[in-house]
Amino acid sequence: MNYRHAFHAGNHADVFKHIVLTRLIALMSRKEQPFAYIDTHAGLGLYDLNGDQATRTGEWLEGIARLWQATDRPALTDDYVKVINRLNTEGELRYYPGSPELARRLMRQQDRVLLNEKHPQDGQLLKDNMKKDPRVAVHLGEGWHVPRALLPVAEKRAVMLIDPPFEQLDELQRCAKAMKETIGRMRQTVAAIWYPIKDDSRALKRFYQELTSSGAPKLLRVELLVHSLDTPQSLNGSGLVISNPPWGLEEELNTLMPWLANLLGQSQGGWKMDWLIAE
Ligand SMILES: C[S@@+](CC[C@H](N)C(=O)[O-])C[C@H]1O[C@@H](n2cnc3c(N)ncnc32)[C@H](O)[C@@H]1O
């Protein structure tokens, strides 16, 4: 396990993934009934952008730093920015929330936050960062076991983020398998898989095909590019595939994505959204 998210925290992929996550939480919160947030590969929860790892790559300068300076932010980014503001009370951008911290800060008293991280050191930092919040449980185990271990949840409503590091060649396949298991164990789960886009690869095409046989009632795909696909960059963009997207999400993304593509585009920004499984 070489991957450490601290090198990448707040980059364009994080901004995209995390804004969508905040919208999933907001849309799920329209109903009073509690829900669980589950993070299979949770990371540290909180990142210091002035720390050694973030400083070495400077990836956040093309991500959250751009959003922080934007003067035309859509209201749909308010929840996301609210959390970042609370972490940076001096007005200067220094701390960046990972998915666990966003969920912890935005979820209600009746909800639960179930986090899993395998890296022992990062897992301990995650525990510390969650500040003994009684709604939060941190597991230090294998992320691929999470759907089987935790689903179905007692609440019968869940948002799950499947966000592995993509260090291993088979991780797209593992994601598709995790989606299948998730739907098999709790059909109504709102599960979001994040994946990197480097080029128009055969592996991605196979991934999409496998997802179409996941058994999910509905599956929305949304992708954000910061370079064109033929650019020899390590990360030209990223995508999210979301099962059972809450009503209203597609419309919100139609507002958010053009703005994000314009904000985060480097040599060439772009986005697309379609249904891998329509109702
Ligand atoms: C992309 S990062 C997660 C970022 C986080 N979800 C966020 O959005 O803030 C992936 C994390 O998965 C952890 N990891 C790697 N292999 C894992 C495994 N097999 N099971 C669980 N966690 C794993 C890494 O240590 C890393 O912290």
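Being a predicted model, the structure only gives us computed values, none of them experimental. In each ligand, atom 1 is the first atom listed, and ligand 1 is the first ligand listed.
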Would you say Tyr3 ends up clustered with Ile162 if hydrophobic residues are merged whenever their side chains have heavy atoms under 4.5 Å apart, either directly or through other cluster members?
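No; Tyr3 is not reachable from Ile162 via cluster members.
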
List in chain and number order the residues that pass side chain to side chain contact (heavy atoms under 4.5 Å, CB included) with Lys177, two or more places apart in sequence or in another chain; answer none if no residue qualifies.
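Listed in chain order: Glu181.
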
Suppose we screen for side chain to side chain contact (heavy atoms under 4.5 Å, CB included). Which residues come up paired with Thr55, at least two apart in sequence or across chains?
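Counting only residues at least two positions away or on another chain, Thr55 forms no side chain to side chain contact (heavy atoms under 4.5 Å, CB included).
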
Which atoms of ligand 1 sit under 4.0 Å from any heavy atom of [X]?
{"X": "Gly141", "value": "20 (N), 21 (C)"}
{"X": "Gly98", "value": "9 (O)"}
{"X": "Asn116", "value": "21 (C)"}
{"X": "Asp39", "value": "6 (N)"}
{"X": "Gly43", "value": "27 (O)"}

At under 4.0 Å between heavy atoms, is it the side chain or the backbone of [X] that contacts ligand 1, or both, or neither?
{"X": "Ala42", "result": "backbone"}
{"X": "Lys17", "result": "side chain"}
{"X": "Lys118", "result": "both"}

Around [atom], find the nearest protein heavy atom and jot down its residue, atom name and distance.
{"atom": "atom 20 (N) of ligand 1", "answer": "Gly143 N, 2.8 Å"}
{"atom": "atom 14 (N) of ligand 1", "answer": "Met1 CE, 3.7 Å"}
{"atom": "atom 23 (C) of ligand 1", "answer": "His41 CD2, 3.3 Å"}
{"atom": "atom 19 (N) of ligand 1", "answer": "Glu142 OE2, 2.9 Å"}
{"atom": "atom 7 (C) of ligand 1", "answer": "Ser99 OG, 3.0 Å"}

Does Asp78 come within less than 4.0 Å of Lys82, counting only side-chain N to carboxylate O?
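No.
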
May I ask whether His18 places a heavy atom under 4.0 Å from ligand 1?
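Under 4.0 Å: yes for His18.
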
Contact between ligand 1 and Ala9 is defined here as a heavy atom of the residue under 4.0 Å from a ligand atom; is it met?
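Per 4.0 Å heavy-atom rule, Ala9 does not contact ligand 1.
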
Gap separating the CG atom of Leu220 from the CG atom of Asp274, nearest 0.5 angstrom:
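Nearest 0.5 Å value for the CG-CG distance: 7.5 Å.
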
If you measure from CG on Asp111 to CD on Glu155, what distance do you get to the nearest 0.5 Å?
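Atom-to-atom, Asp111:CG and Glu155:CD are 7.5 Å apart.
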
Report the member of His119, His139, Glu117 with the shortest heavy-atom distance to atom 13 (C) of ligand 1.
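Ranked by closest heavy atom to atom 13 (C) of ligand 1, first place is Glu117.
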
Candidate with minimal heavy-atom separation from atom 1 (C) of ligand 1, of Leu126, Asp163, Thr40
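Nearest heavy atom to atom 1 (C) of ligand 1 lies in Asp163.
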
Would Arg56 and Phe7 count as a cation-pi pair here, with the cationic atom under 6.0 angstrom from the ring centre and within 45° of the axis?
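No.
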
Within-4.5 Å side-chain heavy-atom neighbours: Gln173 and Phe207:
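Side chain of Gln173 against side chain of Phe207, heavy atoms only: no contact under 4.5 Å found.
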
Will you find, in the side chains of Trp259 and Asp72, an N or O donor that is under 3.5 Å from an N or O acceptor?
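Distance-only check passes for Trp259 and Asp72.
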
Tell me whether the rings of His18 and Tyr80 are parallel (<30°), tilted (30 to 60°) or perpendicular (>60°).
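Rings of His18 and Tyr80: tilted, 30 to 60°.
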
